[in-house]
Structure formats: structure tokens, C-alpha cells
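Presented below is the structure to which this report refers.
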Amino acid sequence: MRPVPDTDPMPAADQAAALRAALLDWYDREGRTLPWRVRPEDRAAGRVADPYAVWLSEIMLQQTTVPHATPYWHRFLALWPTVHDLAAAPREQVMAEWAGLGYYARARNLHACAGVVSGELGGAFPGDLDGLRALPGIGDYTANAIRAAAFDRPASVVDGNVERVISRLFALETPLPKSKPQIRKLAAALADPQRPGDYAQAIMDLGATVCAPRSPDCGACPWSGPCAARASGDPVRFPLKEKKRPKPVRRGAVFALVRPGHGRHGEKGGADHVLSVTRPDGGLLGGMRALPGTDWTEDGPGEDARASAQPIDAQWDYRGAVRHVFTHFTLELDVWTAEAPGDIRPDEGEWLDAAAMSKAMPTLYRKALTLALA
DNA sequence: AATACGTGGGC
DNA sequence: TGCCCAAGTAT
């Protein structure tokens, strides 16, 4: 057997135990109180975690900040207090309530997952990794997070926070994502089998509040003593990352066909309605309410493409462009409006009250609709 | 293994 | 302004 190189950072058992103890002690004093979280003092008061509420928080928090996700979490729980309620809700309503949170596959999977848990599983989330991992929208991280936070069973959570904390603690010179397997091993070796739920939440809190990406507060860190990145004098250099490719620009056009508000007998007043469509599942913004429009291409739509994407033949008025930055490209979207003749019946789409429609749409289309109606 | 997939806030 | 970053998953 090849000898372990002396640069191998794997901590010895007693070192791991000391790290655990220091982190848990810090968490007991400084860990965050979050609405879905059951802290040690909560447990002492007899409060137990609701796996449904924990699952909901974990899905919402994927690649999403706590301040952004929190109001959505409250709203979902108020609307659908149990997994059965969520499963019974129309998917369209779930998508509308998710509007603005991003990564809309999460909402589609959320509803599908609720259906499985409510139906096949009788309302009970699995407590084992394989059972959790098999559910739609639950991957490696989320399965471990639910197992730890909802069931307080042994798990090892590795999210962006943990990757940063571990990379710094051991000053890993291998850049992400290549270092992920090593990070997983180190994180698993440190995880606390006695207080798995608290430990998992503690190491993520540490990354979120102390071991921050740009401005770590090493003076407040329970691991500053053993931290190799701190010892190096330049902790912010970690984790090293592969540089990413430039973001291309794509262009497209959308059409806001407006049916002016009118009363029951045709008098003025009442809310404007706008023609909306639902984007197909699977692609960008899949399953979400949208304005009709062209495809998005590098060169942008020509006049022919634009004309054929118009919901009706009408006097279309150019209102300007909105710019929207997605993860892997920037979109410049031309916005056109037209007033619909009273008797028009477009082939596709539905008329929605403009205000309600805006709330139910992804941010991109909210911007476009705002410009269209300005 | 690499890429698609949103959004908003910080600096 | 532009880039980085956030409790990742699916394919």
C-alpha cells in the first residue's frame, strides 16, 4: 500500500473531535435563528422539526439567498400547511407563487415531489439517503440536509459554504470543481455523529456569516486556530476556482397584446388584460406564464421571424428593450405592444388581468410587461 | 464531465 | 458597470 503523503490534510480523530466541539460551541452561541430551523433551545422546549417545512426551505434555498427565499417560504406554508395540501394544489398556482424565485425546475419538481410523498408515501418524507435522493428535485446535498435538519440523523452536507470552509481550513490548492471529491471526504470525516443536525447547520452558518467569500471575519471564527488559509495570510485566495467562459448575448422580441379594461356594458374602466402563454416544460423558464414572443438567438429575430411570432396581425408599437442577465447568457429583449380589437380571438394564450399576470411571471417578463404598459 | 438552469445584492 | 456569489439538480 502506498504511504499516505505527509501533505494529506485528513485530520486525525482527535483533531476532528476538537474541530466539532469548537464549531458546535460556536453554533450554540452564535448560530442563526431561522424560521424553519429547530435550534438546541427549541428542542429543549419540546419543539420538533417538520420534515415538510424543512424540505420546502431546502428546495427554496438551492442557489438562493436566505433573504430572498424567506418570504416565499412563509407564503407557501400559509397557503399549503402540509404536503397533502401542496400536492392537491393546481400546478399552475404553485408555479405562479414561485414566480421571481428563479430556477423554475425546482417548482415543477417541488409539486411532483409533493405528489409522490403525499400519495405513495402516505405523507411521510423518507429518513434515509436513498429514499430522499430518489425524490424529484432532491440531490446529494438536499438529501443530506433533510436527513440532518429534519431527522437529526448522521449526514454530511456539502454546499457552497462548506466547500469554501473546507477549502480554507485545509488550504486546498486544487481548484473547484476538481477538488469536490476531496472536499466531500474531508467534510464527511469532520461531521458530528452525535449532533448531526446542529453540526450540518453550524458549518453552513459558519460559511454564511463568518467565513464569507470576500470578507471573512477570522477573528470571530472558531476554526481560525487550525485554519491553514488563515495561516497563509491570504484566506480569500481560497477556494481556488477554474475561470469561467464569457457570457454570450442573445436577442429576442416579445409582444404584449393589450385588451383595455371595460365594464360589463362596455363602458370605460376596469382592469386591462394582456394575452399570456405558458412556456413548455423542460427549457428556460419552463412551465411559467410568459408573454408570446420569438426564439432567442445570437443574431436576433429578423422581420420575418418577428412577424410570424406576433399573436395577431395588428399595429405593433416598439416600446424599447429590456436587458436581463441569466446564468449563462445575457438577453436583450425587444418589447412590442398593440391594442387588441374587442372581438379578436388569438389562436393561443389566455387573457389575464395585467397586475395578476405580472405577479405570476418570471422577472424577465415582469420587466417586459412593465415597459410595455408604461 | 460539462452544461443548462434565475435572480438580486454586494462591491 | 460588471463580476462574483447564494443551502444544487438534472441530464
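Sequence lines set the chain letters: A, B, ... in the order given, protein chains first and strands last, and positions in each chain run from 1.
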- Touch class at under 4.0 angstrom, heavy-atom based, for A:Pro362 against every strand present: sugar-phosphate
- Message: So that I can tick it off, tell me whether A:Glu173 and A:Arg237 are bridged by a salt bridge, with the cut-off set at under 4.0 angstrom between side-chain N and carboxylate O.
- Response: yes
- Between C:dT9 (P) and A:Leu132 (CG): distance, integer Å: 11 Å
- Flag the pair A:Phe125 / A:Trp55 as yes when their ring centroid distance falls below 6.0 Å, and as no otherwise. yes
- Examine the base of C:dG8 for any acceptor or donor lying under 3.5 Å from a partner atom in the side chain of A:Tyr141, and report the outcome as yes or no. no
- What is the nucleic acid contact for A:Trp73, judged by heavy atoms within less than 4.0 Å: base, sugar-phosphate only, or nothing? nothing
- Task: Using the P atom as the reference point in each nucleotide, state the distance between B:dG6 and C:dT11 in Å, no decimals.
- Result: 14 Å
- Starting at atom CG of A:Leu61, determine the distance to atom P of C:dA6, rounded to an integer number of angstrom. 13 Å
- Selection from B:dT7, C:dC5, C:dG8 that lies nearest to any side-chain heavy atom of A:Phe326: B:dT7
- Query: At under 4.0 Å between heavy atoms, what does A:Val162 touch on the DNA or RNA strands: base, sugar-phosphate, or nothing?
  - Reply: nothing
- Rounding to a whole Å, what distance do you find between A:Arg106:CZ and C:dT11:P? 16 Å
- hydrophobic_cluster_shared for A:Leu371 and A:Trp336, side chain cutoff 4.5 Å: no
- Remember a base hit wins even if backbone is also touched, and classify A:Lys243 as base, sugar-phosphate or nothing at under 4.0 Å, heavy atoms. nothing
- Taking all heavy atoms of A:Gln63 and all of A:Tyr103, pick out the closest pair and write down the distance. CB-CE1, 3.6 Å
- Between A:Asp334 and A:Arg251, is any pair of side-chain heavy atoms under 4.5 Å apart? no
- Within this structure, what is the CZ-to-P distance between A:Arg366 and B:dT7, rounded to whole angstrom? 8 Å
- If only side-chain N and O atoms of A:Gln63 are considered, is one of them under 4.0 Å from the OP1 or OP2 phosphate oxygen of C:dG8? yes
- Query: Taking the nucleotide of DNA chain C with the closest heavy atom to each, which residue, A:Lys180 or A:Lys241, is nearer the 5' end?
  - Reply: A:Lys241
- Under 4.0 Å between a side-chain N/O of A:Tyr104 and OP1 or OP2 of B:dT7, yes or no? yes
- With nearest nucleotides of DNA chain B determined for A:Pro177 and A:Thr363 from heavy-atom distances, which residue corresponds to the more 5′ nucleotide? A:Pro177
- Note on the structure: Between CG of A:Leu101 and P of B:dG6 the distance, given in whole Å, is 12 Å
- Message: Tell me whether the side-chain N/O atoms of A:His324 come closer than 4.0 Å to OP1 or OP2 in B:dT7.
- Response: yes
- Task: Report yes or no: do A:Met204 and A:Leu132 belong to one cluster of Ile/Leu/Val/Met/Phe/Trp/Tyr joined by side chain heavy-atom distances under 4.5 Å?
- Result: no
- Item | Evaluation steps, side-chain hydrogen bond (donor to acceptor under 3.5 Å, both in side chains), between A:Gln201 and A:Arg37 | CA-CA 9 Å; A:Gln201 295 174 90; A:Arg37 174 177 288 179; 3.0 Å; yes
- Message: Students often get this wrong, so: under 4.0 angstrom with heavy atoms, is A:Gly100 touching a base, only sugar-phosphate, or nothing?
- Response: sugar-phosphate
- Atom-pair distance (OH on A:Tyr72; C1' on B:dG6), nearest Å: 11 Å
- Checking B:dG6, C:dC5, C:dC4 against the side chain of A:Pro213 (C-beta onward), the nearest is C:dC5
- Is A:Thr142 touching bases, backbone alone, or none of the nucleic acid, heavy atoms closer than 4.0 Å? sugar-phosphate
- Query: Any idea which of B:dT3, C:dG8, C:dC5 is nearest the A:Arg245 side chain?
  - Reply: B:dT3
- Query: Is A:Thr64 near enough to B:dT7 that one of its side-chain N or O atoms lies under 4.0 angstrom from OP1 or OP2?
  - Reply: no
- Message: Between P on C:dG2 and CZ on A:Arg323, what's the gap in Å once rounded to a whole number?
- Response: 7 Å
- Report the nucleotide, chosen from C:dG8, B:dG6, C:dA10, that has the shortest atom-to-atom distance to any side-chain atom of A:Arg133. C:dA10
- If each of A:Lys244 and A:Asp205 is mapped to the nucleotide of DNA chain C with the nearest heavy atom, which maps nearer the 5' terminus, i.e. the 5' end? A:Lys244
- For A:Pro136, which contact category applies under a 4.0 Å heavy-atom criterion: base, sugar-phosphate, or nothing? sugar-phosphate
- Query: Which part of the nucleic acid, if any, lies within contact of A:Leu34, taking any heavy atom under 4.0 Å across all strands shown: a base, the sugar-phosphate backbone alone, or nothing?
  - Reply: base
- Nucleotide nearest A:Tyr103 when distance is taken to its side chain, options B:dC5, C:dC5, C:dT9: B:dC5
- Message: Students often get this wrong, so: under 4.0 angstrom with heavy atoms, is A:Arg108 touching a base, only sugar-phosphate, or nothing?
- Response: nothing
- Write down the distance between CG (A:Leu333) and C1' (B:dG6), rounded to a whole number of angstrom. 15 Å
- Message: What's A:Ile59 touching, base or sugar-phosphate or nothing? Going by heavy atoms closer than 4.0 Å.
- Response: nothing
- Query: Where each residue is assigned the nucleotide of DNA chain B containing its nearest heavy atom, which of A:Thr65 and A:His328 is assigned the position nearer the 5′ end?
  - Reply: A:His328
